[in-house]
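Only one structure is covered here, and it is reproduced in the block below.
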Amino acid sequence: MIKEWATVISWQQGVAQLRCEQRSGCGSCHASSSCGTSILNKMGADSAHQLKVESKHPLVPGQRVEVGITEASLIRSALLVYMLPLVGLIGCAAIMQGWFNTDLAAACGGLMGGVGGFMLARFFARRIGNDREYQPVILQVALPPSSFYLRRDTPSRD
């Protein structure tokens, strides 16, 4: 199970809208001050992803929840999104190269195969997108921010 903490934006009729902040792998490395990847991550805009997750329990804005998705569904999704266009690109380029024996035909075949693979991946992603297996679930719910309070004991002045 892949787990990540998210912040509740809203909760209505059993559906919570959550915001997940994207974390970079950089920051814990000793070479982060001189690393090119770390510098590029600092230059880019901070991105936050929003998602909707079913929740039986009422949630309040600002509350933190832990969401999770199974590794198998994540791997299948990644294979669908990355491998299908790549296989289409290489396969169609090889077929066109074999038929016409020119580099221009191979380039056109690769372009058509890549676009076709992307369109096919998009079609399959829409079909499986609503499948429960591919939906994130709430694993843990933290206490709402309103449940914490600070009590300051004033020292007695004797």
Side-chain angles (χ1 to χ4, degrees), residues 1-32 35-99 103-145:
M1 181 76 62
I2 307 293
K3 303 172 185 176
E4 186 65 43
W5 283 93
T7 305
V8 176
I9 297 172
S10 66
W11 181 85
Q12 295 176 351
Q13 301 171 348
V15 177
Q17 185 165 355
L18 308 174
R19 182 181 69 238
C20 294
E21 292 83 18
Q22 182 176 353
R23 291 184 301 162
S24 170
C26 295
S28 60
C29 177
H30 295 296
S32 65
C35 175
T37 304
S38 175
I39 293 169
L40 287 175
N41 283 337
K42 290 176 187 172
M43 286 176 36
D46 292 335
S47 61
H49 303 283
Q50 292 187 5
L51 60 133
K52 293 183 180 182
V53 179
E54 290 182 16
S55 172
K56 297 178 225 173
H57 306 290
L59 301 169
V60 296
Q63 192 170 7
R64 303 280 291 166
V65 294
E66 185 179 35
V67 293
I69 189 166
T70 61
E71 289 98 345
S73 63
L74 187 65
I75 290 171
R76 283 192 297 267
S77 298
L79 284 173
L80 177 72
V81 169
Y82 291 111
M83 293 304 291
L84 208 52
L86 184 62
V87 167
L89 183 140
I90 293 171
C92 286
I95 289 170
M96 294 296 280
Q97 176 70 30
W99 281 349
D103 290 340
L104 181 62
C108 290
L111 182 65
M112 289 187 310
V115 170
F118 176 75
M119 301 285 274
L120 199 58
R122 204 168 141 191
F123 170 76
F124 284 128
R126 285 186 179 157
R127 288 192 66 186
I128 66 172
N130 293 328
D131 190 1
R132 273 212 167 306
E133 185 180 351
Y134 291 91
Q135 298 300 317
V137 293
I138 294 178
L139 302 172
Q140 293 185 57
V141 179
L143 291 173

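We use all heavy atoms of the structure for the numbers below, so side chains are in, but hydrogens, waters and symmetry mates are not. In this chain, residues are counted from 1 in sequence order.
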Distance from Leu18 atom CG to Glu66 atom CD, nearest 0.5 Å?
12.0 Å
Between Ser55 and Ala16, which heavy-atom pair has the shortest distance, and what is it?
CB-CB, 4.4 Å
What heavy-atom pair brings Ala6 and Cys20 nearest, and what distance separates the two atoms?
CB-SG, 3.4 Å
Got a second to check how far Leu51's CG is from Ile9's CD1, nearest 0.5 Å?
8.5 Å
Checking the side chain of Glu71 only, and the main-chain atoms of Met1 only, is there a donor and an acceptor separated by less than 3.5 Å?
yes
Is the count of non-hydrogen atoms from other residues, nucleotides or ligands lying under 6.0 Å from Asn130 atom CG greater than 12?
no
Non-neighbouring partners of Arg126 that pass side-chain hydrogen bond (donor to acceptor under 3.5 Å, both in side chains), sequence neighbours left out:
none
Hey, mind stepping through Trp5 and Gln140 against side-chain contact (heavy atoms from CB on, under 4.5 Å) and telling me if it holds?
CA-CA 9 Å; Trp5 283 93; Gln140 293 185 57; 4.2 Å; yes
To the nearest 0.5 Å, what is the distance between CD1 (Ile138) and NZ (Lys56)?
10.5 Å
Does Gly14 offer a backbone N or O that forms a donor-acceptor pair with the side chain of Glu54 under 3.5 Å?
no
I'd like to check Met112 versus Leu89 (side-chain heavy atoms, cut-off strictly below 4.5 Å). Are they in contact?
no
For Ala107, is there any backbone N or O sitting under 3.5 Å from a side-chain donor or acceptor partner on Gln97?
no
Under the side-chain hydrogen bond (donor to acceptor under 3.5 Å, both in side chains) test, residues paired with Gln50 that sit two or more places apart:
Gln17
Anything under 3.5 Å between a donor and an acceptor, one on a side chain of residues 75-86, the other on a protein residue two or more places apart or in another chain? List them.
residue : atom : partner : partner atom : Å
Arg76   : NE   : Tyr134  : OH           : 3.0
Arg76   : NH2  : Glu133  : OE2          : 2.0
Ser77   : OG   : Ser73   : O            : 2.9

